[in-house]
2 protein chains.
Amino acid sequence: MNTKCMVIDKQFLQVSEQQLTNEQLLAAQAKALAHPARLRILSILVAVDKSGGCLNSDLVSELGLAQSTVSEHLRILKQAEFIIAEAMPPKMCYRINKKQFELFSTLFAELYS
Amino acid sequence: MNTKCMVIDKQFLQVSEQQLTNEQLLAAQAKALAHPARLRILSILVAVDKSGGCLNSDLVSELGLAQSTVSEHLRILKQAEFIIAEAMPPKMCYRINKKQFELFSTLFAELYS
DNA sequence: ATAGTTAATCGTTAATCGACGATTAGCTAT
DNA sequence: ATAGCTAATCGTCGATTAACGATTAACTAT
């Protein structure tokens, strides 16, 4: 166990613009993930994605929340690009966007490695 | 591209208590990460961790935030167990807790795989 | 053209968050 | 015992979030 608790060289604390930008993005993504209902939605979309389909706001009955509330959660997830919406009027088909999951994982891993 | 947008079998949507618990935890962790200043703190702590030491609220000068504000961010990160506090009176030595980073990664990966 | 369906948007309310200055607590060293 | 640090806590304020019901928009099918 190291007992030192001082920064010897402040050079270590240099931050690039790129890093700050990444942190901003990562924070925004984490924020989108920071709600149990939204994780529940993602989990459901992952499950139905495997079975080939996707699903609209049957999420409402599945989550037991008001339609407008679910719609708002979907908006947030869509804005963070964790999900993709496809119109099938008058329905909406939501799918997960695995690419963004991978991006998040990558950015997070960069943070502490 | 699959045009189906319906769940055939609601069995797929069965959720275990364990999964719900994991989602609660993951959401709480994500919430702790969902702020640029806190990610900045973690990044700094990772950097100084490598060089053997750790650092107290020199974070204040590094972040340009009030002492009480930084203290609050540290409290949140500590509560989420992303960092560990060690008293060196009257100073406080903060370190990152890599274990928790790994746990978060794992829980997140489970979500979408 | 109208009726029906689905989801987005609006407006409201209560709760939570983020930031700050000021104060307090805890510990050391004199 | 007191003086001097550092960091936690308190109290406040404005901004943001989460939830809901009600309304609107967009599109189909009759």
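It should be emphasised that the depicted structure is a prediction, and the values quoted were computed from it without experimental measurement.
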Polar side-chain atom of A/Arg40 near backbone of B/Leu20 as donor-acceptor pair, under 3.5 Å:
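Side chain of A/Arg40 to backbone of B/Leu20, a donor-acceptor pair under 3.5 Å: no, none is there.
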
Short side-chain to backbone donor-acceptor contact, A/Ser113 and A/Ala109, under 3.5 Å
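Flag set: sc A/Ser113 to bb A/Ala109 pair under 3.5 Å.
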
Report yes if the side chains of [X] and [Y] come closer than 4.5 Å at any heavy-atom pair, otherwise no.
{"X": "A/Leu103", "Y": "A/Gln29", "result": "yes"}
{"X": "B/Leu39", "Y": "A/Asn22", "result": "no"}
{"X": "B/Leu74", "Y": "B/Ile41", "result": "yes"}
{"X": "A/Ile84", "Y": "A/Tyr94", "result": "no"}

In whole angstrom, give the distance that lies between atom [atom1] of [X] and atom [atom2] of [N].
{"X": "A/Glu86", "N": "C/dT6", "atom1": "CD", "atom2": "P", "result": "18 Å"}
{"X": "A/Leu63", "N": "D/dA19", "atom1": "CG", "atom2": "P", "result": "10 Å"}
{"X": "B/Lys91", "N": "D/dA7", "atom1": "NZ", "atom2": "P", "result": "8 Å"}
{"X": "B/Met88", "N": "D/dC5", "atom1": "CE", "atom2": "C1'", "result": "14 Å"}
{"X": "B/Ile41", "N": "C/dG18", "atom1": "CD1", "atom2": "P", "result": "12 Å"}

Could you state the interatomic distance from CD (A/Glu17) to OG1 (A/Thr21), rounded to the nearest 0.5 Å?
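Reported value, rounded in 0.5 Å steps: 6.0 Å.
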
Would you give the length of the straight line joining atom CD1 of B/Ile96 to atom CG of B/Leu77, rounded to the nearest 0.5 angstrom?
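Between B/Ile96 CD1 and B/Leu77 CG, I get 11.5 Å after rounding to 0.5 Å.
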
Using heavy atoms and a sub-4.0 Å distance, could you list which residues of residues 66-85 of chain B are near DNA chain C? By number, please.
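Going residue by residue through residues 66-85 of chain B, the ones with a heavy atom under 4.0 Å of DNA chain C turn out to be B/Ala66, B/Ser68, B/Thr69, B/His73.
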
Please list residues of residues 25-38 of chain B whose heavy atoms come under 4.0 Å from any atom in DNA chain C, ordered by number; otherwise none.
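Output list: B/Lys31, B/His35, B/Arg38.
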
Does A/Tyr94 have a side-chain nitrogen or oxygen under 4.0 Å from the phosphate oxygens OP1 or OP2 of C/dT6?
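So the side-chain polar atoms of A/Tyr94 never come under 4.0 Å of the phosphate oxygens OP1 or OP2 of C/dT6.
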
